[in-house]
Number of protein chains: 2
Amino acid sequence: MRRGSNQLRLADFNQAVVLDVLRRSPGASRADLRRESGLSPQTISNITRRLIDDGLIRETEPAGSARGRPSIPLVVDRDGAFSVGVHIDPARLTTVLLDLDGQVRLRRQERTPQATNPPEVTALIAATADAVIREAGVDRDRVLGLGIAAPGPLDVHAGVIVDPPQLPNWRNVRLRADLHHATGLPVLLDKDVTAAATAELRSSKAPANAFVFLYLGSGVGASVVVDNQVLRGVTNNIGEVGDLIVDPEAEQLEWAGRRGGLAAACVPEALVIQAARLGLVPLPDLSDYVAIDDACTALCEQAAGGNSGATWILDRAARRVAVGLGVLVNLLDVPRVVLGGPLWNRLAQAFLPVLTELVAGELVVARPALVVEGSAIGEHVAAQGAAELVMDHFLAPRAAALLVGES
Amino acid sequence: MRRGSNQLRLADFNQAVVLDVLRRSPGASRADLRRESGLSPQTISNITRRLIDDGLIRETEPAGSARGRPSIPLVVDRDGAFSVGVHIDPARLTTVLLDLDGQVRLRRQERTPQATNPPEVTALIAATADAVIREAGVDRDRVLGLGIAAPGPLDVHAGVIVDPPQLPNWRNVRLRADLHHATGLPVLLDKDVTAAATAELRSSKAPANAFVFLYLGSGVGASVVVDNQVLRGVTNNIGEVGDLIVDPEAEQLEWAGRRGGLAAACVPEALVIQAARLGLVPLPDLSDYVAIDDACTALCEQAAGGNSGATWILDRAARRVAVGLGVLVNLLDVPRVVLGGPLWNRLAQAFLPVLTELVAGELVVARPALVVEGSAIGEHVAAQGAAELVMDHFLAPRAAALLVGES
């Protein structure tokens, strides 16, 4: 069993406040920390000494100071703590190792095992987390925990994957407990869209962030950021938008999703059914998300290569997604829409040039400044967000989510 | 020109903090106020003396105390300050007078003038506000201001009604300035759904409120409350849900709204077109919102009387509204939906018995505890909310909206 959080003495609230200031304002001096935190000079002195001793922060060279005693800038030590983030998409398993400075040290993507027993996926995640930590050469005692981003519905408090339509046979899987048992690490489970929005928010320098994040992977979901806060929903299951009707004239596809819904408009399964109807790709085994994902890649490559049928499918998908985004912008009055997730890179070429104008055409209130853009982070946004949620849990003054296995 | 806010000396932040505590915790003692506010005994003593002198709070009898000097409970003086709230629905103009204790002293509803010149409505609002203040016999110097709830899009910062589809010919009307000129009162303008959610939130005793408010009037709109905060949107124009598709099979109506949209499902104009098609009511002049409203009342009365055609129309409307509510609950993960607005009372009989189950059928995540209910306040919810926003502006430590005419 690991003892990271004991060793790092992370339980102290004031220490968390100080570390939080340094994460947000690198180079702050002890005097800056006093001003920002409201803590006494003696407390700041004690905490910074302890953080330096623990290797979580370090002193740097002061800039040339004209007179008086220069104040010493403090920064977090990027090697002081790490977290592992894993994003379970039914087709792709993405893993990142995040350092205390918020940088991704190592990133991996592999195919999600399609065997219908969750233990196999659990074992793979545990092995991958171990491999990533080993490969990066970091001290395992400095790994705070493992964050998992997964499709909903989830029971975040219990750490249980309830019954996601996108993960067949994952019914009431106690993923958090299982992974804690397998890795010895504290484990956090949260929804894919919540993790993605968390990472996207962190990457933005805007003073008051408000945006909708549209997650595109094997499934589709949305998350909402208002006033720099990621909305989670009362059951932590925000963002189920697959059933939102975006095309009343849409054809009935041979699948379970709602006819004309946002999922039918843009998830790989629906897109490859549409492509197979036009003879563009062979219809894959629809119980195999990896096969679906590969067929979807083939469709997107055909569109990129100028195939008219493939282009028509993706153009139509863009129009339908724009209707859905219009609903979200009209409802939530946000100035920005961000798209991301494992599917996004493949759709961006067809979507980005047309999406802003298509969404604008859906709006009740004219928004000339509306921004529609791809994630600043990329395909691993949800994995990175899961790792950031772990960091926040241990290092931010207010815990953002629940873990098991804290020692 | 009125001088209320000068006379009442409301500018002081610490005083606002104290008054805010007393509005939320009637009967608090000076010691309680010190604990709650963190202010010094001397400051509390000065502020409470000033508030008593100004007639905003008063001392009450202490409950029997066994020993020692009893602490004197303080309460707000309900006659200490008032605000007027007006809700402009295209068919109904609702006015309330709110006292400092949050009670509605007087309430009025009349038909909105259908003349296409906004000055007529402005004049009527000014006259009604004056009449309500006179009729209630309150000191006009104690009226803090006038709050207006109106359909969007609005420019809340400029106090301008931009171009609401539901208010023909109201294009860039400087309502706030016009009403300030006409009444001499400070005036606040905000969106109908935002005002409605504000009043509904205030009426709820739940510790952490999260709900969607569906506003049903001449138009349809939504507002969102998360963690006891009314979301406003980045341009204060939250909640445009009329174009949300709720019935892909819906017929095309002879009007401008989107086929199959939520507005086409439930606004009076769409309902009376549907009723007229069945010969239930004569088709009214569709540029006359009062005539539409009357025809809609006739339709609802027929349904209440058992007319099968009218019942069919309202049952279908309930099913369509449930699809829209399902989208909102799936997206926002709220435990509660509240319906209200000037149309709600007429629809409640047909909607309430079926809506919870219909919405449950739309949900991706099962929510056995989901509550779907009518407003606790009633038809005047938006007017009351507008009056509360004025109170908050002057009395709460943080201002909630902008006014002109503060002296």
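Residue numbers begin at 1 in each chain, while the letters A, B, ... track the order of the sequences.
Within 6.0 Å of CZ in Arg174(B) there are 12 or fewer heavy atoms belonging to other residues, nucleotides or ligands. More than 12 heavy atoms of other residues, nucleotides or ligands sit less than 6.0 Å from atom CZ of Arg277(B). Annotation for Glu357(A): atom CD does not count as buried by contact number, only 12 or fewer foreign heavy atoms lying within 6.0 Å.
Chain B forms the most heavy-atom pairs under 4.5 Å with one residue out of Gly239(A), Pro153(A), Ala366(A), and that residue is Gly239(A). Put simply, of Val365(A), Thr235(A), Val224(A), the one with the most heavy-atom pairs under 4.5 Å next to chain B is Thr235(A). When the candidates Ala250(B), Gly242(B), Gly233(B) are compared by the number of heavy-atom contacts under 4.5 Å with chain A, Gly233(B) comes out ahead. Interface check for chain A: of the options Val241(B), Leu363(B), Ile238(B), the most heavy-atom pairs under 4.5 Å are formed by Ile238(B).
Of the two parts of Glu249(B), only the side chain, counted from C-beta on, holds a non-hydrogen atom closer than 4.5 Å to a non-hydrogen atom of chain A. When heavy atoms are compared at a cutoff of 4.5 Å, Asn236(A) approaches chain B solely by way of its backbone atoms N, CA, C and O. Of the two parts of Val162(B), neither the backbone nor the side chain holds a non-hydrogen atom closer than 4.5 Å to a non-hydrogen atom of chain A. Heavy-atom distances place the side chain of Val226(B), and not its backbone, under 4.5 Å from chain A.
Of the candidates Val327(A), Val329(A), Val364(A), Glu240(B) forms a side chain to side chain contact (heavy atoms under 4.5 Å, CB included) with just one, namely Val364(A).
Residues Leu231(B) and Asp227(A) have side chains not in contact (no heavy-atom distance under 4.5 Å, counting atoms from C-beta outward). The shortest side-chain heavy-atom distance between Leu332(A) and Leu332(B) falls under the 4.5 Å cut-off.
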*Begin with the C-alpha distance, continue with both residues' side-chain angles, and end with the deciding distance and a verdict on side chain to side chain contact (heavy atoms under 4.5 Å, CB included) for Leu331(A) and Leu328(B).*
CA-CA 9 Å; Leu331(A) 168 64; Leu328(B) 298 178; 3.5 Å; yes
*Stepwise, does the side chain to side chain contact (heavy atoms under 4.5 Å, CB included) test hold for Ile245(B) with Asp247(A)?*
CA-CA 8 Å; Ile245(B) 299 166; Asp247(A) 185 355; over 6 Å; no
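Between atom CG of residue Asn237(B) and atom CG of residue Asp333(A) there is a gap of 5.5 Å, rounded to the nearest 0.5 Å.
At a heavy-atom separation below 4.5 angstrom, chain A is approached by no residue within residues 194-204 of chain B.
Partners of Tyr215(B) according to the ring-ring contact (aromatic ring centres under 6.0 Å, His included) rule, which considers only residues two or more places apart in sequence or in another chain, are His87(B).
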